Amino acid sequence: MPKLVLRPLSNVPLPGILNMSTDASAGVAAQIASSDSPLVDGRQSEMALAIARGTARYLHALGYCVVSELPLPSGRRADLVALGGDGQIIIVEIKSSVADFRADQKWMEYRRHCDRLFFATHAGVPCDIFPAEAGLIVADAFGASIVSEAPEQRIAAATRRAVTLRFAHAAALRLQAVADPQGPYNGEF
């Protein structure tokens with residue numbers, strides 16, 4: 001399994017991220033938001049969708065499988081959950097603005113459901129607002145880069161099993177819903 005790569009933030013474009021404005025990224029996100037995907041439910045802003053897309057692409061390139069909007073055993077819903085081939089679980093909480101970060105303090109509850117917790121944002125949000133207890137990913141609609149690594153805190157085996165089963169169940173239902181859009185499982189994931 002490839003290690004997550006820490007890249008220092010600077011004024012130059014981040015490796016793997018196209019040098020595009022937030023307006024351009026939002027334009028791509030508008031195309032995503034207008035799709036018929038069951039995962040685009042109107043709760044996410046166009047920018048949040050762009051951040052999620054770029055972050056998922058980055059994690060996939062590192063060998064992780066990603067499921068968005070995954071219900072956790074606690075009843076919370078994680079923006080992105082990544083599962084590594086070795087069973088490692090990463091949760092990514094997407095924050096598209098300073099106001100979004102300040103309005104939502106439930107992120108601490110995600111910590112008990114993952115081995116590593118990251119925030120993901122775009123280049124227009126100041127990185128210094130995010131806590132050191134979590135890692136930070138900066139993304140646009142096409143890619144991402146890790147700005148600060150997330151501390152690893154291995155979760156209990158029973159929690160790992162519960163989250164992994166939810167991940168597998170949601171992924172299988174979503175795949176089946178794509179194959180059979182009129183089936184009885186739409187909305188269960």
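Worth saying up front: this structure is predicted, and the values here are computed from it rather than measured. Throughout, numbering of the chain's residues begins at 1 and tracks the sequence.
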Val81-Leu175 co-clustered via ILVMFWY side chain contacts under 4.5 Å: no
Same apolar cluster: Leu173 and Leu165, side chain cutoff 4.5 Å: no
Distance-minimising heavy-atom pair for Ala139 and Gly54: CB-C, 4.4 Å
Minimum heavy-atom distance Ser45-Ser96, with the two atoms named: OG-OG, 3.6 Å
Measure the shortest side-chain to side-chain distance between [X] and [Y] over non-hydrogen atoms and say whether it is less than 4.5 angstrom.
X      : Y      : answer
Val163 : Cys114 : no
Pro126 : Val98  : yes
His169 : Phe167 : no
Arg174 : Val67  : yes
Leu62  : His60  : no
Glu93  : Asp104 : yes

[atom2] on [Y] to [atom1] on [X], rounded to 0.5 Å:
X      : Y      : atom1 : atom2 : result
Arg76  : Lys106 : CZ    : NZ    : 6.0 Å
Asp140 : Thr55  : CG    : OG1   : 9.0 Å
Asp100 : Ile129 : CG    : CD1   : 9.0 Å
Asp79  : Ile51  : CG    : CD1   : 10.0 Å
Leu80  : Ile94  : CG    : CD1   : 4.0 Å
Leu70  : Ile91  : CG    : CD1   : 8.0 Å

Any residue meeting side-chain contact (heavy atoms from CB on, under 4.5 Å) with Glu152, in chain and number order, not counting sequence neighbours: Gln88, Arg116, Arg154
Contacts of Ala82 that satisfy side-chain contact (heavy atoms from CB on, under 4.5 Å) - sequence neighbours left out: Leu59, Tyr64, Val66, Ile90
ring-ring contact (aromatic ring centres under 6.0 Å, His included) partners for Phe130, two or more places apart: Phe101, Phe119
Candidate pair Trp107 and Gln105, rule side-chain contact (heavy atoms from CB on, under 4.5 Å), full reasoning: CA-CA 5 Å; Trp107 65 269; Gln105 294 300 313; 3.3 Å; yes
Non-neighbouring partners of Ser74 that pass side-chain hydrogen bond (donor to acceptor under 3.5 Å, both in side chains), sequence neighbours left out: His113
Set of residues satisfying side-chain hydrogen bond (donor to acceptor under 3.5 Å, both in side chains) with respect to Arg160, sequence neighbours excluded: Asp115
Heavy-atom donor-acceptor pair, Tyr110 side chain to Arg77 backbone, under 3.5 Å: yes
Sidechain-backbone polar pair: Arg57 side chain, Gly143 backbone, donor-acceptor under 3.5 Å: no
Salt bridge (Lys or Arg N to Asp or Glu O under 4.0 Å) partners for Asp128, two or more places apart: none
